[in-house]
Amino acid sequence: MGTGRTTLEVGADGVAVITIVNPPVNSLSIDVLYSLNDNYEQALRRNDVKAIVVTGAGGKFSGGFDISSFSAILGEKVGQPSAGFISIDIITNTWEGARKPSVAAIDGLALGGGLEVAMACHARVSTSSAQLGLPELQLGVIPGFGGTQRLPRLVGLTKALEMILMSRPIKGEEAHSLGLVDAIVSSDQLVKTAKLWALDIVEFRKPWVKSLFKTDKLEPLGEAREILNFARAQAKKQAANLQHPLVCIDVIEEGVISGPLAGLQKEANSFQTVVASETCKSLVHVFFAQRSTSKVPGITNLGLKPREITKVAILGGGLMGSGIATALVLSNFPVILKEVNADFLRAGINRIRANLQSRVKKGKMTEENFEKSLSLVKGALDYESFTDVDLVIEAVIEDVSLKQQVFADLEKYCPSHCILASNTSTIDLNLIGKSTNSMDRIVGAHFFSPAHIMPLLEIVRTHKTSPQVVLDLLDIGTKIHKTPIVVGNCTGFAVNRMFFPYTQSALLFVDHGLDPYKIDRACTKFGMPMGPFRMVDLVGFGVAVAIGVQYLQSFPDRCYKSMLMPLMLKDKRSGEASGKGFYKYDERRKISPDPEIKKYIEKSRSAAGVTPDPELMKLSDKDIIEMVFLPVVNEACRVLDEGVVVKASDLDIGSIMGMGFPPYRGGIIFWADSLGAAYIHKRLDEWTKKYGDFFKPCSCLAQLAASGGQLSTAAGQVKARL
Ligand code: NAI
């Protein structure tokens, strides 16, 4: 409680300046809203105030409604809005109708509730770099304080829908050209200009605009209906499982057809519904879970400061090394890329060039920045230039003896403070560093492919890795815009390990009679970017089979030995790269199911000695989803129980950012808790009896099922073994 406030200052010119003060982003907490309301009312009452300017302290207008208040509100009874809702409602609706004009002075951010407050003012002045937007849909809600009605009236329906549905903020310059902002000024002239503007409104030298009742930007009704229907179709196509974008479009439509007051009413009612939805709860959970990944007990609470990393070297310019280098140069880190010979080096640098060029093509990067980023890469064929590097990330091929040799070399050539990181996806770090005396600075930096795009970074620590090294990598991870999770050293680490049973279970059920394409379809309908069979096609059967061998060695009690992929591999059918895997791929990489795979399935079945189970043909999508994901949950429980992660929500983030688990389901653990440990245990138990030990519930899950406990708190009950 007691977070944030506003200040009121009345000048000799008769303009009251109300400043939102709630660092770091001046979010609108309940306290801020009350204070804003009080100061606004005071300004209206005072005879020495002619006009009002609202702004934010520290160069930021407001980052929007305070989501921690939001989660408190979620706990309240729906239909009885909290004080926060009443305040903002009064603010946005009474400001506009007040007899004193108000002007918003916008710098930094005006997002969500922040922009809604600004739009309720009679004019807005902004800096060119300010960001203005309504990103509420990202949290499973809709703009709730008049944004659905005012934004279309200020910028037109097409642009407003784009900004709201894509949660895409725009810069001050664009906002000015669209009419969302009335003037662009520099930061130092901002409040002064806003004050003059407000006084001009008082003197009728500038228009007194009530954005809620503007109509000039709205498209004619027939055209508006077409735009709204198109937006509906797009929203359904992009996220078939999400309701709130459609609710938002309905609310906007109500305002366009029946007028802004009817629109506001519908907005208020709909907000109450969406804020209580599972989608909103899940997305708010993900919001907080993501922010908490960088808080690691035993690392970030020791009072250590991250060291400055100014020069990074990468070993191996293959798929991963070039992706990692791309991520680093995009954040202005100079990189040395070392390869085995000049041809491989050229190929590696060309990969980086292609990664950057694709950003230019997509409009995410200017030509000038492209050149600047590429110039940060220096090639090397030996360790001569490694004498002053602060961090090395090794991404050579997955071979134990090669990696051991490489780490012995690194110990010899790099300075003693240098962090020695490996991007290995499977090899034990203790083995990699076996012949060195540097285990305290050896750490895993496990990127996901493609490394410059995938947002997750697993930081793998052994029991000897120093907290300082982990802290440094957490810092680097954040600087290159990754979400880092700190995990323990075991086969597959946290994310790949917990998702290994995803494909295994799918293979087992195909042997027992389930159609692989039906499994893939159920998974994509559930919200996964691809099903397990499309995924192994992408990874390639060679790699997938090799990974299977590793898991079999580490977890022989719970691996399913399907012959399906090895049989296909024998016929040089090895996934997308070979043009054929579980699917057929044409020259344009268009995929289609392949009837030929039936013969491999039959062979695999007979090798496994099973006959198809007719019951499996009748399964619903829900059953299929449980069959492939409950074994994942079971492994996640083991990961928690062994202390591989320090908190369960890290697995939620790992599942979403590493594997594409739908964020609106909150992540694997959040989703599992919605089913309940007892239910999951019961289902796994049934399948164990029918299909074998692959499904056997682990002791942690059994305990949670018996005690009625939640997986989300399970990590708190165990001691990290790190
Ligand atoms: P890759 O085969 O595409 O690239 C490896 C590169 O390392 C080759 O260009 C090779 O010439 C180079 N290399 C070999 N010995 C070297 C040395 N002594 N010095 C410098 N360069 C050397 O392999 P990829 O896929 O990039 O994998 C690299 C590492 O990343 C492996 O440990 C792999 O397990 C891991 N990884 C791979 C992922 C993937 O999806 N491919 C995902 C996450 C981790």
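Residues take their numbers from the sequence shown, with the count starting at 1. Ligands are counted one by one from 1 in listed order, and the atoms in each one are counted from 1 as well.
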Do me a favour and list the nearest non-hydrogen protein atom to atom 3 (O) of ligand 1 with residue, atom name and distance? L319 N, 3.0 Å
Ignoring hydrogens and angles, tell me if any N or O in the side chain of D652 forms a donor-acceptor pair with the backbone of I669 under 3.5 Å. yes
Would you verify whether the NZ or CZ of R291 falls within 45 degrees of the ring axis of F287 while also being under 6.0 Å from that six-membered ring's centre? yes
At what distance, to the nearest 0.5 angstrom, does CG of L337 lie from CD1 of I314? 6.5 Å
Which atoms of ligand 1 are found less than 4.0 Å from any heavy atom of S449? 40 (O)
Identity and distance of the protein heavy atom lying nearest atom 6 (C) of ligand 1: E339 OE2, 3.6 Å
Taking atom 19 (N) of ligand 1 as the reference point, the nearest protein heavy atom with its distance: K338 NZ, 3.2 Å
The protein heavy atom nearest to atom 27 (O) of ligand 1 is M320 CG, 3.8 Å
Report yes or no: is the cationic atom of K338 (NZ for Lys, CZ for Arg) closer than 6.0 Å to the six-membered ring centre of Y383, at no more than 45° off its axis? yes
Tell me whether the NZ or CZ atom of R665 lies within the 45° cone about the ring axis of F670 and under 6.0 Å from its centre. no
For L402, the ligand 1 atoms whose distance to one of its heavy atoms is below 4.0 Å: 15 (N)
K305 backbone acceptor or donor facing Q468 side chain under 3.5 Å: yes
What protein heavy atom is closest to atom 30 (O) of ligand 1, reported as residue, atom name and distance in Å? N423 ND2, 3.0 Å
Before you tell me yes or no, could you show the steps for M365 and S373 under side-chain contact (heavy atoms from CB on, under 4.5 Å), namely the whole-Å CA-CA distance, both residues' side-chain angles and the distance that decides it to 0.1 Å? CA-CA 10 Å; M365 188 178 212; S373 296; 3.2 Å; yes
I need the nearest protein heavy-atom contact for atom 43 (C) of ligand 1: residue, atom name and distance, please. F447 O, 3.3 Å
If you have a sec, work out which protein heavy atom is nearest atom 33 (C) of ligand 1 and how many Å separate them, to one decimal? E398 OE1, 3.6 Å
Using a strict 4.0 Å cut-off to heavy atoms of I397, name the atoms of ligand 1 that fall inside it. 2 (O), 5 (C), 7 (O)
Contact (N/O only, under 3.5 Å) between S425 and ligand 1: yes
Say whether, by atom type as modelled, one donor and one acceptor occur between the side chain of N489 and the main chain of V460 under 3.5 angstrom. no
Atom 22 (C) of ligand 1 - nearest protein heavy atom and its distance: V396 CG1, 3.4 Å
Could you tell me which atoms of ligand 1, counted from 1 in the order shown, lie closer than 4.0 angstrom to a heavy atom of T424? 32 (O)
Atoms of ligand 1, numbered as shown, that sit under 4.0 Å from any heavy atom of H446: 43 (C), 44 (C)
Given side chains that start at C-beta, do those of N634 and P501 come closer than 4.5 Å, heavy atoms only? no
Please answer whether the main-chain N or O of C418 pairs with a side-chain N or O of D390 as donor and acceptor at a distance below 3.5 Å. no
Within the structure, is a non-hydrogen atom of K403 found at a distance of less than 4.0 Å from ligand 1? yes
